[in-house]
Colleague: 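Let me give you the structure first, and then I'll get to my questions.
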Amino acid sequence: MTALRIPDRWSDVSAEWMTAALSVRFPGAEVAAATLQWVSEGTNRRARFGLTYRSGTGPEIVFVKAEGEHRAVHARNGNLFNEPRIFASGMPLQVDHPEPYGVLINEAALDWLVVMEDVSLRGGDPRDSTRPLSIDQAANGVRGLARLHRAYRGFSAVTHPALGWVQTWAPAEGFHSALRRRVPLGLERAGGRLPAEVARRSADEIVDVWVRYVALLGRDPTLLHADAHIGNTYLLPDDDVGFLDWQVVRRGHWSQDVGYFLQGALVETDRRAAERELVAAYSEELGRGAGRADAWRWYRASPAYGLAIWLSTLGTDGYQRHDISLELVARYAAVFVELETLDALTALESAAAC
């Protein structure tokens, strides 16, 4: 793999290139033809290739993801190499995710590429806010996150050297400044979908609440997917939930994953009916942790993250469809008000100061 060059264009991917890319995971497989089937150019470059073989065996379809035109933004945010590094580390991730077949990283060029499993071959059905999960499906996702978090609770570069590069969540300047630029337009576009308690706030107030919450995430840290919104999930035929796009991986408090996932994955009526039970179930699955009251307080504070992120996304063109972003903004805004996020955040800050 180290001798392979990351292709500038998908048309540069040849049978020989793909044979080399698959050689570690599928030794003896020789690709006869790599046929480009689908391309998407967004946050990253993505493509799907159909493969036939001259000898040996391998996957009939692969998904290929590479860095694109936003590499400078990803570098500022601390996200540039997270996904290829987590896959290259070989560390087990206790939630369903695409199997990586080959990883290329060119740090000097701020470039990377991963050849991975196409989960659709296992019946994986990618979801977004227009196709929410049921309560039972969301419960499966929560249990998966609990397995991940339990396995890496309190990890560090000493306990897990292969993950020594993982950053602890902090309100980095790259994220912070981007939110301040984009949230104002997101508020304008959200219009009547926002509850009055949110609509009356300025963009700076909303970003400041995000900063306050993220500043607390270094407490009781674990390995986070850290971008576990519904648009990075897929549903399997047995109703298990898998997680795509590990580009934001962080070391931090579990509430960021659990709140971001649940509050965006469920329609509001289902969330209201089930969230207490789901957070309690998560806390029990996680084990050896704080009591349920403390877990509930952290969950109540977590909408501070999703609200700012999706107002920012709504205020940006080219990352997500506006209807998807608007639906998520409405969900995070509703829970922000209903669960009195500001009160929960203040209580957590007071506890941290003691």
Colleague: Checking Glu188 now: which residues fulfil side chain to side chain donor-acceptor pair (under 3.5 Å) with it, not counting sequence neighbours?
Modeller: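 Testing Glu188 for side chain to side chain donor-acceptor pair (under 3.5 Å), a comparison that skips the adjacent residues, returns none.
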Colleague: Could you work out, with ring pair (Phe, Tyr, Trp, His ring centres under 6.0 Å) as the rule, every residue matching Tyr282, not counting sequence neighbours?
Modeller: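 Checked Tyr282 against ring pair (Phe, Tyr, Trp, His ring centres under 6.0 Å); matches are His149, Trp254.
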Colleague: Within the side chain of Arg45, is there an N or O that forms a donor-acceptor pair under 3.5 Å with the backbone of Glu67?
Modeller: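 Indeed, once roles are kept as given, a pair shorter than 3.5 Å links the two residues.
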Colleague: Run the ring pair (Phe, Tyr, Trp, His ring centres under 6.0 Å) test against Tyr152 and tell me which residues pass, sequence neighbours left out.
Modeller: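 Scan of Tyr152 (ring pair (Phe, Tyr, Trp, His ring centres under 6.0 Å), adjacent residues dropped) gives His160.
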Colleague: Report yes if the distance between the aromatic ring centroids of Tyr260 and Tyr332 is under 6.0 Å, otherwise no.
Modeller: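 Tyr260 vs Tyr332: aromatic centres under 6.0 Å.
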Colleague: Rounded to the nearest 0.5 Å, how far apart are CD of Glu99 and CG of Leu93?
Modeller: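 Reported to 0.5 Å precision, the distance equals 12.0 Å.
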Colleague: Does the Gln256 side chain pair with the main chain of Ala226, one donor and one acceptor, at a distance under 3.5 Å?
Modeller: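 Flag set: sc Gln256 to bb Ala226 pair under 3.5 Å.
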Colleague: Determine, using the 4.5 Å side-chain heavy-atom cutoff (strictly less than), whether Leu187 and Val337 are members of one ILVMFWY cluster.
Modeller: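 Per the 4.5 Å side-chain linkage, Leu187 and Val337 are co-clustered.
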Colleague: Can you check whether Gln247's main-chain N or O pairs, donor with acceptor, with Asn82's side chain at less than 3.5 Å?
Modeller: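 Checked: pair present.
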Colleague: Taking the six-membered ring for Trp, is the centroid-to-centroid distance between Trp17 and Phe49 below 6.0 Å?
Modeller: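 No; Phe49 has its ring centre 6.0 Å or more from that of Trp17.
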Colleague: For Thr316 and Ser312, indicate whether the former's side chain and the latter's backbone hold a donor-acceptor pair under 3.5 Å.
Modeller: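 Yes, Thr316 side chain to Ser312 backbone: donor-acceptor pair under 3.5 Å.
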Colleague: How about Glu277: does its CD atom have over 12 heavy atoms from other parts shown lying under 6.0 Å from it?
Modeller: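 Count not over threshold, so no.
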Colleague: How long is the span from the OG1 atom in Thr313 to the NE2 atom in His322, to the nearest 0.5 Å?
Modeller: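 These two atoms lie 10.0 Å from each other.
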Colleague: Is the NZ or CZ atom of Arg251 both under 6.0 Å from the centre of the six-membered ring of Trp169 and within 45° of that ring's axis?
Modeller: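 No.
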Colleague: Determine whether a donor-acceptor pair (N or O, by modelled atom type, separation under 3.5 Å) exists between the side chain of His225 and the backbone of Leu244.
Modeller: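 Present.
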Colleague: For the CG atom of Leu113 and the CD1 atom of Ile105, what is their distance to the nearest 0.5 Å?
Modeller: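 The CD1 atom of Ile105 is 10.5 Å from CG of Leu113, to the nearest 0.5 Å.
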Colleague: Can you tell me if Arg153 uses its side chain to pair, donor with acceptor, with the backbone of Gly287 under 3.5 Å?
Modeller: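 Yes; at least one donor-acceptor contact below 3.5 Å.
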Colleague: Does one side chain, of Tyr234 or Ser120, offer a donor that lies under 3.5 Å from an acceptor on the other?
Modeller: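 No, because no side-chain N or O of Tyr234 sits under 3.5 Å from a partner of the opposite role on Ser120.
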Colleague: Is the Trp298-His253 ring centre distance short of 6.0 angstrom?
Modeller: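 For Trp298 and His253, the ring centres are under 6.0 Å apart.
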Colleague: Restricting to non-hydrogen atoms, name the atom on Pro132 and the atom on Arg127 that form the minimum distance, rounded to 0.1 Å.
Modeller: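 Where Pro132 meets Arg127 most closely, the heavy atoms are O-NH1, 3.1 Å.
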Colleague: I'd like a table of donor-acceptor pairs (distance under 3.5 Å, sequence neighbours excluded) in which one partner is a side-chain atom from residues 137-144, with atom names and distances.
Modeller:
{"unit_1": "Gln137", "atom_1": "OE1", "unit_2": "Ser134", "atom_2": "N", "d": "2.8"}
{"unit_1": "Gln137", "atom_1": "OE1", "unit_2": "Ser134", "atom_2": "OG", "d": "3.3"}
{"unit_1": "Gln137", "atom_1": "NE2", "unit_2": "Asp239", "atom_2": "OD1", "d": "3.2"}
{"unit_1": "Asn140", "atom_1": "OD1", "unit_2": "Arg143", "atom_2": "NH2", "d": "2.5"}
{"unit_1": "Asn140", "atom_1": "ND2", "unit_2": "Asp239", "atom_2": "O", "d": "2.8"}

Colleague: Looking at Trp246, is its backbone amide N or carbonyl O close enough to the side chain of Glu83 to form a donor-acceptor pair, meaning the two atoms are under 3.5 Å apart?
Modeller: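 Yes: the side chain of Glu83 pairs with the backbone of Trp246.
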Colleague: Hey, does Leu217 have a side-chain heavy atom less than 4.5 Å from the side chain of Arg250?
Modeller: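 Sidechains of Leu217 and Arg250: no contact.
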Colleague: So does Ala162 get a backbone contact from the side chain of Ser89, meaning a donor-acceptor N/O pair under 3.5 Å?
Modeller: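 No; judged by distance alone, with no hydrogens or angles, the pair does not exist.
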Colleague: Apply salt bridge (Lys or Arg N to Asp or Glu O under 4.0 Å) to Arg193 and list each qualifying residue two or more places apart in sequence or on a separate chain.
Modeller: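 By the salt bridge (Lys or Arg N to Asp or Glu O under 4.0 Å) rule, Arg193 matches Glu327.
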Colleague: Taking the six-membered ring for Trp and the full ring for Phe, Tyr or His, determine whether the centres of Phe243 and His97 are under 6.0 Å apart.
Modeller: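 Ring centres of His97 and Phe243 not closer than 6.0 Å.
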Colleague: Starting from the C-alpha separation in whole Å, work towards a yes-or-no answer on side chain to side chain donor-acceptor pair (under 3.5 Å) for Tyr299 and Glu275.
Modeller: CA-CA 9 Å; Tyr299 176 80; Glu275 60 189 340; 2.7 Å; yes
Colleague: Running the 4.5 Å side-chain criterion over Ile, Leu, Val, Met, Phe, Trp and Tyr, what cluster does Ile61 land in, apart from itself?
Modeller: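 For the cluster that includes Ile61, the remaining residues are Leu121.
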Colleague: Salt bridge between Asp204 and Arg201, side-chain N to carboxylate O under 4.0 Å?
Modeller: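 No.
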Colleague: Could you give the distance from CG (Asp128) to CG (Asn232), rounded to the nearest 0.5 Å?
Modeller: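 Between atom CG of Asp128 and atom CG of Asn232 there are 11.0 Å.
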Colleague: Within this structure, what is the CZ-CD distance for the pair Arg122 and Glu117, rounded to the nearest 0.5 Å?
Modeller: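 Result: 4.0 Å between the selected atoms.
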